[in-house]
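The structure under discussion appears below in the form of structure tokens.
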Amino acid sequence: MTGPAELDFHFDPMCPFAYQTSVWIREVRAQTGLTVNWRFFSLEEINRAEGKKHPWQRAWSYGWSLMRIGALLRRRDMALLDAWYETTGRALHVEGRKPHDPEVARELLTGIGADPEVLDEAIADPRTHDEVRADHERVTGAGGFGVPTLFFPDGQSLFGPVLIDPPEGTAALRLWDLVTGMLEFPRLYELQRPKSEQDQAAIADALRPYLSGRDWVSINRGQVIPIGE
């Protein structure tokens, strides 16, 4: 294995691109033994409109509440958060289900072998707000704005890779080498591929389950994707 042996992976379970990247990083982990520490980031907060409530001011707040459940699970065992992200991500981004619905969330908790009452315990515990917010502010404090954001042991962080077809096998490792190769160049800030009409169509097709499962209007740094598109 080349590159670091450990990383922190910041995600929002509502983000379809972070989910696809998590599929790739799990493949890298399976082949190399990479240690993945799952951390949080809130798209609801970073894209919050002026005058609207912060997610921690709401009784239930889509991705934020799922991350609060994850925070409680993480206290007990990182493997539980690992399973929670995998199952909620697959439910929304592959199956088009609604893990942000409390009843669906309870069902998914049961599916990973956790007590469904973990949901109520996490929502009743104000410390779960603090834990999600601390992870979120770690990203924004480093100048970050979205997910996936990766933090490495030397203190560097990278946004991405952003993809819709996570590579497998040796291709997954080649991408790992490309991504971690950027750590050699700490003043290299951006490398981006323009998106053609065909790319846009492929992205729209990949996001179809997410668009079916969400109950909100997606906002990405000022770009609004209405429900139904």
Side-chain angles (χ1 to χ4, degrees), residues 1-43 46-47 63 67 70 74 78-79 81-86 89-90 93-94 134-207 210 220-223:
M1 177 181 176
T2 61
E6 182 174 1
L7 62 76
D8 292 351
F9 188 115
H10 286 257
F11 72 93
D12 184 318
M14 302 292 96
C15 180
F17 298 109
Y19 174 72
Q20 297 291 351
T21 306
S22 76
V23 173
W24 162 70
I25 207 67
R26 290 174 190 276
E27 174 73 6
V28 173
R29 181 178 65 182
Q31 295 190 58
T32 65
L34 174 71
T35 296
V36 180
N37 303 309
W38 301 105
R39 308 294 181 193
F40 306 117
F41 180 84
S42 176
L43 294 174
I46 201 72
N47 293 311
M67 290 187 285
R74 184 174 64 184
M78 182 66 77
L81 174 54
D82 189 319
W84 179 238
Y85 181 28
E86 196 281 329
R90 185 177 66 254
H93 304 297
V94 177
D135 279 4
H136 176 86
E137 291 177 351
R138 181 194 190 195
V139 176
T140 58
F145 54 83
V147 286
T149 294
L150 313 179
F151 278 80
F152 296 91
D154 67 356
Q156 292 192 65
S157 60
L158 296 172
F159 172 70
V162 176
L163 44 78
I164 59 170
D165 51 354
E168 301 176 345
T170 58
L173 299 183
R174 291 199 302 273
L175 179 56
W176 171 252
D177 287 342
L178 284 171
V179 170
T180 57
M182 288 188 66
L183 301 177
E184 185 180 347
F185 306 97
R187 297 293 184 264
L188 172 58
Y189 298 109
E190 291 189 20
L191 178 66
Q192 191 173 60
R193 184 192 306 272
K195 299 179 184 67
S196 68
E197 288 187 9
Q198 286 183 322
D199 293 321
Q200 298 285 6
I203 291 168
D205 187 61
L207 265 58
Y210 160 75
N220 183 15
R221 302 188 72 193
Q223 181 181 6

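Along the sequence shown, residues carry numbers from 1. If you're wondering where the values come from, they're calculated on a predicted model, not measured in any experiment.
Between S157 and L150, every side-chain heavy-atom pair lies at or beyond the 4.5 Å cut-off. Looking only at side-chain heavy atoms (C-beta outward), F17 and L207 come within less than 4.5 Å of each other. R174 has its side chain out of reach of L178: every pair of non-hydrogen atoms, C-beta onward, lies at least 4.5 Å apart. Within the 4.5 Å cutoff, the side chain of V36 has heavy atoms near those of the L7 side chain. Between N37 and R39 the shortest side-chain heavy-atom distance falls below 4.5 Å. Looking at W176 and I25, their side chains come closer than 4.5 Å, going by heavy atoms from C-beta outward.
For the side chain to side chain donor-acceptor pair (under 3.5 Å) test, no residue two or more places apart in sequence or in another chain qualifies with E168. Legend: residues meeting side-chain contact (heavy atoms from CB on, under 4.5 Å) with P166, ordered by chain and number and at least two apart, are Q20, V23, W24, L163. Remark: R74 engages D135 in a side chain to side chain donor-acceptor pair (under 3.5 Å) (not counting sequence neighbours).
Aromatic ring centres of H93 and Y19: separated by under 6.0 Å.
Taking the six-membered ring for Trp and thresholds of 30 and 60 degrees, F11 and W38 have ring planes more than 60 degrees apart, a perpendicular arrangement.
Contact detail for A172 and V28: the closest heavy-atom pair is O-CG2, 3.8 Å. Across all non-hydrogen atoms, the minimal contact from I164 to A206 is CB-CB, 4.0 Å. Contact detail for S22 and Y85: the closest heavy-atom pair is CB-CE2, 3.6 Å. The two residues P4 and F152 make their nearest non-hydrogen contact at CG-CD2, 3.6 Å. What you find for C15 and L43 is that their closest heavy atoms are CB-CD1, 3.6 Å. Shown here for V147 and A18, the closest heavy-atom pair between the two residues is CG2-CB, 3.9 Å.
Applying the salt bridge (charged side-chain N to carboxylate O under 4.0 Å, His left out) test to residues at least two apart or on different chains, the pairs with a partner in residues 24-33 are R26-D82, R29-D82. Judged as a salt bridge (charged side-chain N to carboxylate O under 4.0 Å, His left out), the pairs with a partner in residues 136-163 (not counting sequence neighbours) are, in order, D8-R138, R133-E137.
The CG atom of L173 lies 4.0 Å from the CD atom of Q31; values are rounded to the nearest 0.5 Å. A distance of 11.5 Å separates CG in D12 from OG1 in T149, rounded to the nearest 0.5 Å. Atom CD1 of residue I46 and atom CZ of residue F145 lie 9.5 Å apart, to the nearest 0.5 angstrom.
Partner of H10 under the ring-ring contact (aromatic ring centres under 6.0 Å, His included) criterion, out of F151, F159, F41: F151 alone.
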Donor-acceptor pairs under 3.5 angstrom involving side-chain atoms of residues 181-189: please list them, not counting sequence neighbours.
none

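For CD of Q192, the number of neighbouring non-hydrogen atoms (other residues, nucleotides, ligands) closer than 6.0 Å is 12 at most.
Using a distance-only test at 3.5 Å, with no hydrogens or angles considered, a donor-acceptor pair links the side chain of T21 to the main chain of P161.
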